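Lettering follows sequence order; numbering is per chain, from 1. Quick caveat: nothing in here was measured; it's all calculated off a predicted structure.
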Number of protein chains: 2
Amino acid sequence: MTLAPRSKQQIHALMKLREMILAGEFAPGERVSELAVVEKLGISRTPVRLALNILQHEGFLQGQTGGGYRVREFSQQDVLDAIEIRGVLEGAAARLAAERRPSEEELDALRQTCRELDTVVKQDMSPDVLQRYSDLNGQFHDQLLALSRSPMLARSLSHVEALPFASPNAFVFVGFADNERSDILKFAQHQHADIVEAISLGEGGRAEALTREHARLARRNLATAQQRVDLLKEVPGSFLFAADAGPEEGRD
Amino acid sequence: MTLAPRSKQQIHALMKLREMILAGEFAPGERVSELAVVEKLGISRTPVRLALNILQHEGFLQGQTGGGYRVREFSQQDVLDAIEIRGVLEGAAARLAAERRPSEEELDALRQTCRELDTVVKQDMSPDVLQRYSDLNGQFHDQLLALSRSPMLARSLSHVEALPFASPNAFVFVGFADNERSDILKFAQHQHADIVEAISLGEGGRAEALTREHARLARRNLATAQQRVDLLKEVPGSFLFAADAGPEEGRD
DNA sequence: TGAGCCTAAATTGTATACAATCGCGTGAAG
DNA sequence: CTTCACGCGATTGTATACAATTTAGGCTCA
C-alpha cells in the first residue's frame, strides 16, 4: 500500500531500506541509526527520517524510547499469526461480499479470474506458469476484497499484507518440488472455486469459513517450507527466508 | 498506540493536530498544508511533517498525489465497517485465547475485571460510574487481547482502534438517556461474562461468535446515537460526532 | 573494589535556507 | 473565441547547520 510517497529521494530511501532489511543486511534487533543509513545510501537525513518512520508503521522497524529504531524481529509464531489474521480478514471480506449481494457483472470479473486460474493449474509447472499463477492469485484476492465494498477492510488488510510473509503469494515461490507444488496449487484453486460459489449463492458463513481455510493452506505450506529451509540453511526461526520470496512477489 | 514519538515538538504537533482534526477545525476533505499548520502551531516544518505522516498512517489524513494531505472523510458505512472489523479481530482474539488455553492465573485477571464490571453496572448511572465502566471495559478488552498471546493481532487491532469511533468505548458517552444506558451496559456486561465463560471452557467458536456480537452491540448503539444526533444537530454523516467522545475516552 | 557522578562524544530532534515541483492565471496566436 | 504555452506564485521536497538529549567511559571518592 505504500501510501503515496511522492518524491524521488524519499521513495528511493524507502525501497532501498526495505530491500536491505528483507535481504537481512541488518541483524534482527540491530539498532539502525540514521547516520549509518545516510552514509550507505548517500541521501540526506530528512528523507531517510521519513522512510524510517514509514517503515516503523509498516512493521519492519520498532521505535525505541529515547530515539532510534531497531529492526523488528518476527518469531515463527508471529509469521503464522500474521497469516491467520489475513485469513480472518479475508474471511470477513468474503462474508461481506456474499452478504452485500454483488451484481452479476461484479461477480463475473472474479469468475473470469477463477477460470483463468483453472487453466493455469492444469499446465506443467514452470517459472512462467508459476508467475502467471501468482499474478492471477493476487488478482483474485484483490477482486474478492473489492467485492466486500469496504475501504476500511481494505485498509486493515493492507496493514497486514505490508508484511511480505503474510501476502497471499508468500508461499508460492518457496521450498517445494514441482509435483508437490502442482498439487498444492490445484487444491488452492479448488478452494477459490468454492469461495466464488459461496459468494454467488449469498452463503456468507460458508464463504468466510472457506476463505479462512484457504489462508490456512498457505500457513501450513509456509510452516512446511520453513521446516525444510531450517534444516537446509540452519537459519532457525529467522523470518528472512520468507522475506526472500517477498520483494519479487508483486501483489500490487 | 502512538508508537513512541519521542520528542517534545513532534508529540506536541501530533496531539494538537489530532485534537484539531477531531474537533472539526478542518473541513473534511479540506487540503491541509504544512505552512498553514506551521503558522497555527508555531512549530517548524520538520516535526509538523513527521506528525502529518503519522496521522496519515493512523488514517486521519490522506496523502495526495503531487504532495500535500487532505482530511480523510469517513462515511457512515466506514464507521460501521470499522466497528465490524474490530469485532472480527477481537473475535479472533477470543478464539485464540480459548484455543491457546490460558492458565488459571491469566484467566483470573479477566475474571476479576468482569466481577468489578458486574458491580459497576448495578450502580446508578452517573458520570463517575460511567467513567469507571469505561475504564474497566477498556481493561477487559485489553486483557482479552493479551490472552490471545498474539503480538500480531494486537498490532492489527491497534491500527483499527486508532480511529476513535472504532474503540470499544466509543459508544459509551454518546446519545443515550441514563436508563437506556444502564440497560445497554447491563446487556454488554452479560456478554462479557459469557465471553469469559467460553474462553474458560476452551470453546473457541462460541467465544468468537459472542465477541463479534458484542461489537455488534456497540455498532447498533452507535448507529442509533448517530441517527439521533443527525436529527438534532443536522450533521449528517459526519464522523465528527463520534470523534467528539474520542479524546477523553481513555482506553488504557 | 565498587558505586556514582561528571564530562565528552555520538546521535537524534529542530529549524531554516534552498531547490524542485505543481498549479493556475494570463497572454498571445490560430 | 478557444486553446496552448509560458511564467510566476505557492507549496512541497531536500540538505544542512545547530540544539538538545542520550550514552558510554573514566575518574574520583567512599
Practice item. May I ask you to say what A:Ser33 touches in the nucleic acid, namely base, sugar-phosphate or nothing, with a heavy-atom cut-off under 4.0 Å? Key: sugar-phosphate
Review point. Which nucleotide, C:dG13, D:dT14, C:dT14, lies nearest any side-chain atom of A:Glu34?
Key: C:dG13
Practice item. Report the distance from atom CD of A:Glu39 to atom P of C:dA10, rounded to the nearest whole Å. Key: 12 Å
Check your understanding: At under 4.0 Å, does any side-chain N or O of A:Ser44 touch on OP1 or OP2 of D:dA15?
Key -> yes
Revision key, fill the gap. Among C:dT14, D:dA15, C:dT12, the one nearest any side-chain atom of B:Gln9 is C:dT14
Check your understanding: D:dT14 P sits how many Å from B:Asn53 CG, rounded?
Key -> 12 Å
Review point. Please give, in whole Å, the distance from D:dA19 P to B:Ile43 CD1?
Key: 19 Å
Practice item. Answer yes when A:Asp78 and A:Arg72 have at least one side-chain N-carboxylate O distance shorter than 4.0 Å, and no when they do not. Key: yes
Practice item. Measure the distance from CD1 on A:Ile11 to P on C:dA20 and round it to the nearest whole Å. Key: 19 Å
**Study point:** Separation of D:dT14 P from A:Leu52 CG (nearest whole Å)
**Key:** 14 Å
Study note, to complete from the structure: Out of D:dC18, D:dT14, D:dT11, minimum distance to the side chain of B:Leu35 belongs to D:dT11
Review point. Looking for any heavy atom pair under 4.0 Å, which part of the strands does A:Leu50 touch: base, sugar-phosphate only, or nothing?
Key: nothing
Check your understanding: CD of B:Gln64 versus P of C:dT21: gap in Å, rounded?
Key -> 19 Å
Point to revise | NZ/NE/NH1/NH2 to OD/OE distance under 4.0 Å, B:Glu84 and A:Arg95 | key: yes
Review point. When you check the phosphate oxygens OP1 and OP2 of D:dG13, does a side-chain N or O of B:Arg49 lie under 4.0 Å from one of them?
Key: yes
Point to revise | salt_bridge(A:Arg149, A:Glu99) N-O dist < 4.0 Å | key: no
Check your understanding: Side-chain donor-acceptor pair under 3.5 Å between B:Gln131 and B:Asp135, yes or no?
Key -> yes
Check your understanding: In whole Å, what is the span from the CZ atom of B:Arg70 to the C1' atom of D:dT12?
Key -> 17 Å
Practice item. Report yes if at least one side-chain N or O of A:Arg45 is closer than 4.0 Å to OP1 or OP2 of D:dT16; otherwise report no. Key: no
Review point. Could you state the NZ-P distance from A:Lys8 to C:dA19, rounded to the nearest angstrom?
Key: 17 Å
